[in-house]
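Labels below follow one simple rule: chain letters A, B, ... track the order of the sequence lines, proteins then strands, and each chain is numbered from 1.
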Amino acid sequence: MAKIQAPKGVSEYFPPRSTYFEKVRETLIGAAKNAGYSMMELPVFEDTELFIRGVGESTDVVSKEMYTFEDRGGRSITLRPEGTAGVMRSVIEHNLDKGQLPVKVWYSGAFFRAERPQQGRYRQFYQVGIEAIGGSYPEIDAEVIAVAWRSFKTLGLTNFHLDITSLGDAESRSRHRVDLVKFLSGLNLDEATARRAEINPLRLFDDKRAEIIESMKSAPLLLDYLNNESLAHFQKVQELLTNFGVEFRINPRMVRGLDYYTGTTFEFVHDGLGAQSGIGGGGRYDGLMSDLGGADLSGIGFGIGVDRVLLAAEAEGIFVTDERPIESVKLFAIAMGVEAKSYVAGLVNALRDEGISADMAYGDRALKGSMKAADKSGARFSIVIGADELASGQAQLKDMQSGQMQSITIARYSDVTQKIRSL
RNA sequence: GUGGGCGUAGCUCAGCUGGUAGAGCACUCGGUUGUGGUCCGAGAUGUCGCGGGUUCGAGCCCCGUCGCUCACCCCA
């Protein structure tokens, strides 16, 4: 029988690495909760129109990276390539924007893009994101950035940096665009590059080729075109971040791939990854809500790539790969002989009933093998129970770290649960 | 979509100018009638990615194909 393989480019996590993945995700979510964000659980597929209108038809994400299919009713469905559009749709649909503002929510889940996979880039990947909708105060910009910053710090990441810039408001952007296009027309660009410039002239700032980087050095920067209002907002955000102790650098050449961004935008970059070095990013979006048929509210949010943060954490040696699980059970019980087997199964079940984590050795392994299983499980204590122990009502409880043993009563399950709870 | 590298044990990999398949780790058992981590010994495990070709003989050479991977592009 031929083995069935996972579809190309998907990431999967299984023990022991899955425990690290979980730790990363929980840390990111924890930072969001800690700042007053509430959970939102959304569908992984949406009406295709949502992403065309929300993310922007001209973006690469929409034009060539979406998983789009027709459902049985003939509707065009797309597996979500990002999280913000879905959140907006749901907020509008359920009138959350008519309640108290800002609406602050977090989400976590799988996202899909049909790209050629490589290190840190998958066709199904995981993101944790937050959105704060309704309110264009600089304090919210600073809060959102600080939440991401704090989550990375809490994880123990050090080898990363934060780039920020402002794309200003529509007025600032269109003034800049005129000059930028004029500048680019004076450059001798190849056909593919010229086409990219036509779709989004800002893209050229992101080009990795040395000659393009060189010729873009004298290109007009959007940051220099911000009007007073946009500039004041951006300066306030910087001031707040500095007060918070969040380190950042202003990168006027930073480019984001989604069309909806306006004003403050930011990106977290890790230095220990391959080519896919962005571990998270986001920004403000002024017109998105109204474009999707909602109230004309501004919002700001970020998306953090869980897969990439895990890679980054591993690159920094945050997770020591000693095979021992980081989360383990309190007691590991081993039975010697058949009668003891059912006693032990009952004991483990009783412990679990009491909320005490417990596991056991199955089958007829030699004691040595069962002790090895106890060791591997990372259990805090182990206990061996055979005919002798059942007869005497006493057994040796072993501390797996120190190796010390103590005699405990096992006559009733409650004797054991009480004892274990007290340790 | 474009280019490079690689497919041999569960994992990481070795395998000479073609001659019938190896190591380390992990696993199981034993050394120590019932106490793990260290040490020692033994054992099990392979359609050498798949299909074809050349050859007396292919893991090795040739062609095709599938997969993985890294980079471009793009992005989390």
- Item | Lys/Arg N to Asp/Glu carboxylate O, E26(A) vs K23(A), below 4.0 Å | no

- Message: Heavy atoms within less than 4.0 Å of RNA chain B: which residues of residues 102-115 of chain A have one? Give them sorted by number.
- Response: R113(A), E115(A)

- Query: With a 3.5 Å cut-off and just heavy-atom distances, do the side chain of K8(A) and the base of G67(B) make a donor-acceptor pair?
  - Reply: no

- Item | C1'-based separation of G15(B) from C75(B) [nearest Å] | 41 Å

- Message: Looking at R203(A) and D206(A), is there a salt bridge between them, counting it only when a charged N and a carboxylate O are closer than 4.0 Å?
- Response: no

- Atom C1', compared across A21(B) and C62(B): separation rounded to whole Å: 23 Å

- Closest to side chain of L258(A), choosing from C70(B), G34(B), A76(B): A76(B)

- Residue pairs meeting salt bridge (charged side-chain N to carboxylate O under 4.0 Å, His left out), one or both in residues 334-352 of chain A, sequence neighbours left out, come to R352(A)-D359(A)

- With no angle test and no hydrogens, is the base of C73(B) tied to the side chain of R203(A) by a donor-acceptor pair under 3.5 Å? no

- Message: Side chain of R308(A) only, heavy atoms from C-beta on: which candidate in C29(B), A76(B), G36(B) is closest?
- Response: A76(B)

- Note on the structure: Heavy-atom nearest pair, R113(A) first then E82(A), reads NH2-CB, 3.9 Å

- Quickly work out the Q396(A) CD to U35(B) P distance and round it to whole Å. 11 Å

- Write down the distance between NZ (K372(A)) and C1' (U38(B)), rounded to a whole number of angstrom. 11 Å

- Message: Closest approach to the side chain of R116(A), judged atom by atom: which nucleotide of G34(B), G3(B), C39(B) is it?
- Response: G3(B)

- In terms of the nearest nucleotide of RNA chain B, which residue is placed more toward the 5' end: R123(A) or S382(A)? S382(A)

- Euclidean distance for C1', G51(B) against C56(B) (whole angstrom): 23 Å

- Atom CG of D206(A) and atom P of C75(B) are separated, to the nearest Å, by 7 Å

- Please determine, for the side chain of Q118(A), which listed nucleotide (G36(B), C70(B), G1(B)) has the closest atom? C70(B)

- Would you please test D415(A) and T409(A) for side chain to side chain donor-acceptor pair (under 3.5 Å) and show each step? CA-CA 6 Å; D415(A) 296 330; T409(A) 303; 5.5 Å; no

- Task: Establish, with yes or no, whether the OP1 or OP2 oxygen of C27(B) is under 4.0 angstrom from a side-chain nitrogen or oxygen of K376(A).
- Result: yes

- When rounded to the nearest Å, what value does the distance between C1' atoms of A44(B) and G7(B) take? 25 Å

- Task: Write down the distance separating the P atoms in C40(B) and U45(B), rounded off to the nearest Å.
- Result: 24 Å

- Query: Is the base of C70(B) touched by the side chain of R121(A) through a donor-acceptor pair closer than 3.5 angstrom?
  - Reply: no

- OP1, OP2 of C29(B) versus side-chain N and O of K368(A): anything below 4.0 Å? no

- Task: For C27(B) versus U33(B), give the span between their C1' atoms, rounded off to a whole number of Å.
- Result: 24 Å

- Span that lies between the C1' atom of U8(B) and that of C48(B), in whole angstrom: 4 Å

- Item | Under-3.5 Å donor-acceptor pair between E389(A) side chain and G34(B) base | yes

- Message: Distance check, C1' atoms only: A9(B) and C25(B), in whole angstrom units.
- Response: 12 Å

- Task: Could you check how far CG of L273(A) sits from C1' of U69(B), rounded to whole Å?
- Result: 16 Å

